[in-house]
Number of protein chains: 2
Amino acid sequence: MKISAVSKATGLSIDTLRFYEKIGLIDPPPRDGAGRRDYPEEVIGWIAFLGQLNATGMPQAERVRYAERRRQGAATYTARREMLAAHREVVRAKLALMQDTLALMDRKVAIYEQLEAEESTDV
Amino acid sequence: MKISAVSKATGLSIDTLRFYEKIGLIDPPPRDGAGRRDYPEEVIGWIAFLGQLNATGMPQAERVRYAERRRQGAATYTARREMLAAHREVVRAKLALMQDTLALMDRKVAIYEQLEAEESTDV
DNA sequence: CTAGGGGCTGGAGCATACTCCAGCTCAAGC
DNA sequence: GCTTGAGCTGGAGTATGCTCCAGCCCCTAG
């Protein structure tokens with residue numbers, strides 16, 4: 001895949017793809033005869049997974065560490081499992097906080113609705 | 001309340017409290033005889049609410065807009081309700097994505113556990 | 001054979017959200 | 001009355017995560 005195809009398929013900009021490669025999030029892909037990146041299809045799934053880690057708040061430095069370990073193969077299964085398990089707990093906590101906030105916003109919206117009703121009827 | 005007390009009660013640093021005041025997230029509190037900030041107790045609740053908006057991903061610029069409207073009183077009930085309702089939908093979407101990611105990480109952790117087992121038993 | 005489009009590199013620049021610092025003032029305890 | 005500590009201001013600096021640019025190289029189509 002050319003870099004433009006990967007960009008379209010993942011939603012990341014071409015600059016971001018090169019940036020991710022530079023910091024070690026994406027393996028440097030092989031080059032074609034003209035020196036241009038030629039990504040394997042599998043990179044799409046990997047980038048999608050990175051996106052989920054990102055969207056759930058895993059910082060870049062930690063994603064880079066995970067990517068490094070992935071490159072090292074079977075020797076890092078345990079380390080990777082532990083990283084995911086730890087992040088899972090972080091996500092669980094955020095989830096709970098999101099649910100609280102959702103409930104709070106429901107209450108606040110209801111309060112505002114009531115205040116607006118009182119205003120408009122000149123109570 | 002002195003600024004150090006607010007800092008302790010909210011977990012925000014003193015510098016952050018002054019920064020939040022500068023950008024309009026916190027009302028400038030009255031000053032004591034020596035020119036030092038003397039916060040009303042209510043600021044604690046407000047900062048906690050800001051923290052929840054923050055933790056659920058509302059950007060600073062939007063939190064500032066909400067704070068401005070809050071300062072304008074009853075005339076902005078509708079605008080504020082709409083902001084919260086809009087953010088609520090954003091939070092709902094993030095919540096769904098978090099739940100997906102949680103499920104994905106459960107699967108991945110299980111896969112790693114299996115791989116580790118195979119490694120250690122020299123399959 | 002040449003014009004255009006895509007891709008390349010290295011490095012600068014930017015937005016967000018703080019964080020730190022110098023140099024000053026004030027008030028209270030010893 | 002002097003030291004100490006908390007607080008003050010304005011402005012510079014930092015970390016994160018991209019985003020943009022200049023100047024160059026290829027390949028392809030007309």
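The figures here come from the full heavy-atom set of this structure, side chains too, leaving out hydrogens, waters and symmetry mates. Convention: sequence-line order gives letters A, B, ...; per-chain numbering from 1.
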In whole angstrom, give the distance that lies between atom CD1 of B:Ile23 and atom P of C:dT19. 12 Å
How about B:Gln114: does its CD atom have over 12 heavy atoms from other parts shown lying under 6.0 Å from it? no
Is it the case that the side chains of A:Tyr66 and A:Arg80 hold a donor-acceptor pair, with the cut-off being a distance below 3.5 Å and no angle test? no
For nucleotides 22-30 of chain C, tabulate all protein N/O to nucleotide N/O atom pairs closer than 3.5 Å, reporting atom names and distance.
none

What is the distance, to the nearest angstrom, from the CG atom on A:Leu25 to the P atom on D:dT16? 14 Å
With a 4.0 Å limit, can you tell me whether A:Arg18 has a side-chain N or O closer than that to the phosphate oxygens OP1/OP2 of D:dC20? no
What's the verdict on side chain to side chain contact (heavy atoms under 4.5 Å, CB included) for A:Ile3 and A:Arg18, showing C-alpha distance, side-chain angles and the deciding distance? CA-CA 9 Å; A:Ile3 196 167; A:Arg18 285 192 289 241; 3.7 Å; yes
Need one value for A:Ile14: base, sugar-phosphate or nothing, where a base atom within 4.0 Å counts as base even if backbone is also close, heavy atoms only. sugar-phosphate
I want to verify a distance call: between C:dC8, D:dG7, C:dG7, whose nearest atom is closest to the A:Ser4 side chain? C:dG7
A:Arg31 atom CZ is separated from D:dC25 atom P, nearest whole Å, by 16 Å
Between A:Tyr39 (OH) and C:dG7 (C1'), how many Å, whole number? 11 Å
Find the distance A:Lys2:NZ to D:dC26:P and express it as a whole number of Å. 17 Å
Could you state the atom-to-atom distance from CG of A:Asp15 to C1' of C:dC14 in whole Å? 13 Å
I'd like to know if B:Arg92 pairs up with B:Glu89 as an ion pair, taking the criterion as any Lys NZ or Arg NE/NH1/NH2 lying under 4.0 Å from an Asp or Glu carboxylate oxygen. yes
Please determine whether a side-chain nitrogen of the Lys or Arg among B:Asp106 and A:Arg88 lies less than 4.0 Å from a carboxylate oxygen of the Asp or Glu. yes
Checking D:dT9, C:dG11, C:dT9 against the side chain of A:Lys22 (C-beta onward), the nearest is C:dG11
Detail all sub-3.5 Å separations between protein N/O atoms and N/O atoms belonging to nucleotides 16-18 of chain C.
{"unit_1": "C:dA17", "atom_1": "OP1", "unit_2": "B:Gln60", "atom_2": "N", "d": "3.4"}
{"unit_1": "C:dA17", "atom_1": "OP2", "unit_2": "B:Gln60", "atom_2": "N", "d": "3.2"}
{"unit_1": "C:dC18", "atom_1": "OP2", "unit_2": "B:Tyr20", "atom_2": "OH", "d": "2.9"}

Identify the two heavy atoms, one from B:Ser7 and one from B:Leu12, that lie closest to each other, and give their separation to 0.1 Å. OG-O, 2.7 Å
Got a sec, which residues hit side chain to side chain contact (heavy atoms under 4.5 Å, CB included) with B:Arg36, two or more places apart in sequence or on another chain? B:Asp32, B:Ala34
Separation of C:dG6 atom P from A:Ile3 atom CD1, nearest Å, is 13 Å
Between B:Glu118 and B:Leu115, is there a side-chain heavy-atom distance shorter than 4.5 Å? yes
Check whether any side-chain heavy atom of B:Lys2 sits under 4.5 Å from a side-chain heavy atom of B:Tyr39, and report yes or no. no
Rounded to whole Å, please give me the gap between CG in B:Leu17 and P in C:dC20. 14 Å
